[in-house]
Amino acid sequence: MEIDYSRYEPVIGLEVHAQMLTKSKAFCSDSTEYGSSPNTQVSPISLGHPGTLPFHNKEAVKYAVRLGIACNCDIAEHNYYARKNYFYADLPKGYQITQDKTPICENGFVEIKLKDGTEKKVGLIRIHMEEDTGKSMHDQDVYDTLIDYNRAGTPLVEMVTLPDIRTGEEAYQYLTEVRKLVRYLDICDGNMEEGSMRCDANVSVRLKGAPEFGVKVEVKNMNSISNVKRAIDFEIKRQIDAIENGEKIYQETRTFDALKGTTFVMRTKEGASDYRYFPEPDLPPLHITQQFIDGVKAQMPALPKELFEKYTKTFLLSEYDANVLTENKDIAEYFETILKHTGNIKSAANWVMVQVKGYLNEQAIHISDFVLQPAKIAEIISLIDSNKISNSAATQNLFPAMINEHHKSALEIAESLNLMQENNSDELQKHVDAAIAKFPEKVSEYKAGKVSLIGLFMGEVMKLSKGKADPKLANILVKETLDKMN
Ligand code: ADP
Ligand code: MG
């Protein structure tokens, strides 16, 4: 019998772990620098040796508060830490320091935009601070698993949503928004491929209208946002198929196989009581004052949503343009820096979206590796606006030449390439006269009413001036000259 999937409603909650970009670890001064030789950033505190004491990293706390403010959360005044106990080879202390009863942030939400343009708020239950484990490498040696403890103790925040998400697509939008947010806030690089942002998806299904949620399954090990969507879509279908076959859904942890696009059981889910949480005896409680929160607020970088509002409402750019310009923080900053040197907002937006982004895509480089300073783009815009060069000469010749010689000014290069438009009317008048003299019979046709012939004369003027004539001025002169003839 055909299964009617539309009878079911999927319910999804996401847990996102984000590695904080602090220079040192969460509870000691070991460096967190990425890419160092394995096991070189591991002090006795990271290993939990007897007699060592962890201490708070103020910067990590600041980052968590920054995220909480951006997500409209309540910030906890009194923070206590707990030990979550379990054995695994990548956890040298045998426990993880985390926040159990008093997460630093509660409530709050992240706003996402759905494909049909409507907005949806995904509620947050909590954001709490904890520390990362070391890294097990199962594929570096034929016989053994190797372990690098450099990552052990790196500060993380875990953001847990309410079960508000209903489709794989919504999960995709949520993660895209969270990644954008942590990057704008400068607290995490948001790189899912490298594991500095990780997501576990809790998925259940229920018949539409059912009062209770179904049994949830937790899916792990998706290393990209699109794989999270794939895993959720697979899981929804698997669960509905199972229920329709009269099978039971078990609360379990499954892992995603990106090659097959399927999930399979990793372990049955442990309950919180299995971890024997108890208050961390070695760390003093953390008191967050209003003054501290105000300090973080005062230093908040602009958020993508605020920039979007500014671009659409104050700059009067289209929503599409505002979206493209705010998608990436560095692009938005580049655009804003151009605006320090020119008042032509629309033109600056176009240059960033078309020429600059086009070049970056073509070369597969990031804006931070782009050699042209924003002020140079403003120089090009000003040459165009003052009719010194044509738009097509600017995009086709000047821009690529400037990338090659990025220390020179736009004017210098435009002059050396002979791109300056002739808006000297004496010079231009000569070309106009020559163009008209070349087609005497067309002049009569024009006089007889075929005004579209202006295009023919204009084309000739542009040819004679080698593209340097200012088209507006040339157009006026051609018309005047023709009209004066009898
Ligand atoms: P656990 O203790 O198993 O980690 P939590 O209650 O803390 O479970 O919730 C973890 C995540 O699972 C949250 O994002 C929450 O929204 C989500 N969740 C809870 N119940 C369900 C459900 N029935 N279906 C889907 N997601 C759920
Ligand atoms: Mg969980």
Side-chain angles (χ1 to χ4, degrees), residues 5 7-18 67-68 71-73 76 82-86 96 98-112 120-130 133 156-175 177-178 197-222 225 228-229 231-240 242-243 247-256 263 265-278:
Y5 291 96
R7 289 171 60 226
Y8 288 86
E9 177 186 48
V11 172
I12 300 147
L14 299 180
E15 294 165 90
V16 169
H17 284 92
L67 182 60
C71 296
N72 320 284
C73 296
R83 285 189 184 180
K84 180 180 180 180
N85 299 279
Y86 66 99
Q96 178 191 31
T98 181
Q99 292 190 300
D100 178 29
K101 299 258 164 21
T102 58
I104 186 161
C105 311
E106 282 187 288
N107 307 318
F109 58 87
V110 171
E111 215 157 46
I112 60 172
K120 170 170 177 160
K121 282 180 183 163
V122 175
L124 294 176
I125 301 174
R126 57 192 277 150
I127 301 175
H128 66 257
M129 292 183 284
E130 58 187 27
T133 60
L156 296 177
V157 292
E158 179 176 345
M159 299 174 77
V160 185
T161 74
L162 281 165
D164 281 351
I165 297 167
R166 291 290 171 269
T167 62
E169 176 61 29
E170 285 182 19
Y172 186 97
Q173 295 302 338
Y174 170 79
L175 289 173
E177 200 54 42
V178 168
M197 190 171 121
R198 310 190 274 273
C199 173
D200 303 335
N202 298 271
V203 182
S204 68
V205 298
R206 63 174 167 184
L207 279 172
K208 279 185 182 155
E212 312 266 331
F213 288 145
V215 174
K216 77 174 154 76
V217 164
E218 186 174 1
V219 192
K220 288 181 178 292
N221 294 325
M222 292 82 76
I225 294 182
V228 173
K229 177 178 182 302
I232 290 172
D233 291 342
F234 173 85
E235 198 48 36
I236 291 169
K237 180 168 184 308
R238 185 192 71 81
Q239 291 184 18
I240 296 174
I243 293 168
E247 292 164 28
K248 196 167 163 270
I249 303 293
Y250 294 95
Q251 182 163 346
E252 61 195 8
T253 303
R254 299 175 73 92
T255 187
F256 179 64
T263 66
V265 188
M266 228 160 64
R267 54 173 189 254
T268 51
K269 173 84 184 163
E270 32 323 81
S273 60
D274 298 328
Y275 288 117
R276 293 292 182 273
Y277 281 97
F278 67 84

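Nothing fancy with the numbering, it's 1 onward along the sequence. Fair warning: this is a prediction, and the values are worked out from it, not measured in the lab. Read the numbers this way: they start at 1 and go in the same order the structure lists the ligands and their atoms.
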Check for a donor-acceptor pair, side chain of Arg83 on one end and backbone N or O of Arg276 on the other, with a separation under 3.5 Å. no
Asp164 and ligand 1 - part of the residue with a heavy-atom distance under 4.0 Å: neither
If a pair satisfies side chain to side chain donor-acceptor pair (under 3.5 Å) and one of its residues is in residues 206-215, list it, with sequence neighbours excluded. Glu9-Arg206
Decide whether an N or O pair under 3.5 Å exists between Ser204 and ligand 1. yes
Note: ligand 1 atoms sitting under 4.0 Å from heavy atoms of Leu162 are 16 (O)
Below 4.0 Å, non-hydrogen atoms only: which portion of Val215 touches ligand 1? Side chain, backbone, both or neither. neither
With rounding to the nearest 0.5 Å, note down the distance linking CE in Met266 to CZ in Arg254. 11.0 Å
Judged by heavy atoms only, the candidate from Asn202, Ile165, Val217, Val16 nearest atom 26 (N) of ligand 1 is Asn202
Closest to atom 18 (N) of ligand 1 (heavy atoms only, candidates Glu15, Arg126, Lys216) is Lys216
List every atom of ligand 1 that sits less than 4.0 Å from any heavy atom of Leu14, numbering the atoms from 1 in the order shown and giving each element. 14 (O)
Do Gln173 and Glu177 meet the criterion of a side-chain donor-acceptor pair at a distance under 3.5 Å? no
Check ion pair Asp233-Lys229 (N to O, under 4.0 angstrom): yes
Quick one: does any side-chain atom of Asn202 pair with a main-chain N or O of Lys216 as donor and acceptor, under 3.5 Å? no
Near Phe213, which atoms of ligand 1 are under 4.0 Å from a heavy atom of that residue? 23 (N)
Pick one: which of His17, Gln99, Lys84 meets side-chain hydrogen bond (donor to acceptor under 3.5 Å, both in side chains) with Glu130? His17
In terms of atom number and element, which parts of ligand 1 are under 4.0 angstrom from non-hydrogen atoms of Thr161? 13 (C), 14 (O), 15 (C), 16 (O)
Got a sec, which residues hit side chain to side chain donor-acceptor pair (under 3.5 Å) with Thr255, two or more places apart in sequence or on another chain? Asn221
Does any N or O atom in Val160 lie less than 3.5 angstrom from one in ligand 1, N or O only? no
Which atoms of ligand 1 sit under 4.0 Å from any heavy atom of Gly214? 23 (N)
Proximal atoms of ligand 1 relative to Val11 (non-hydrogen, under 4.0 Å): 24 (N), 25 (C)
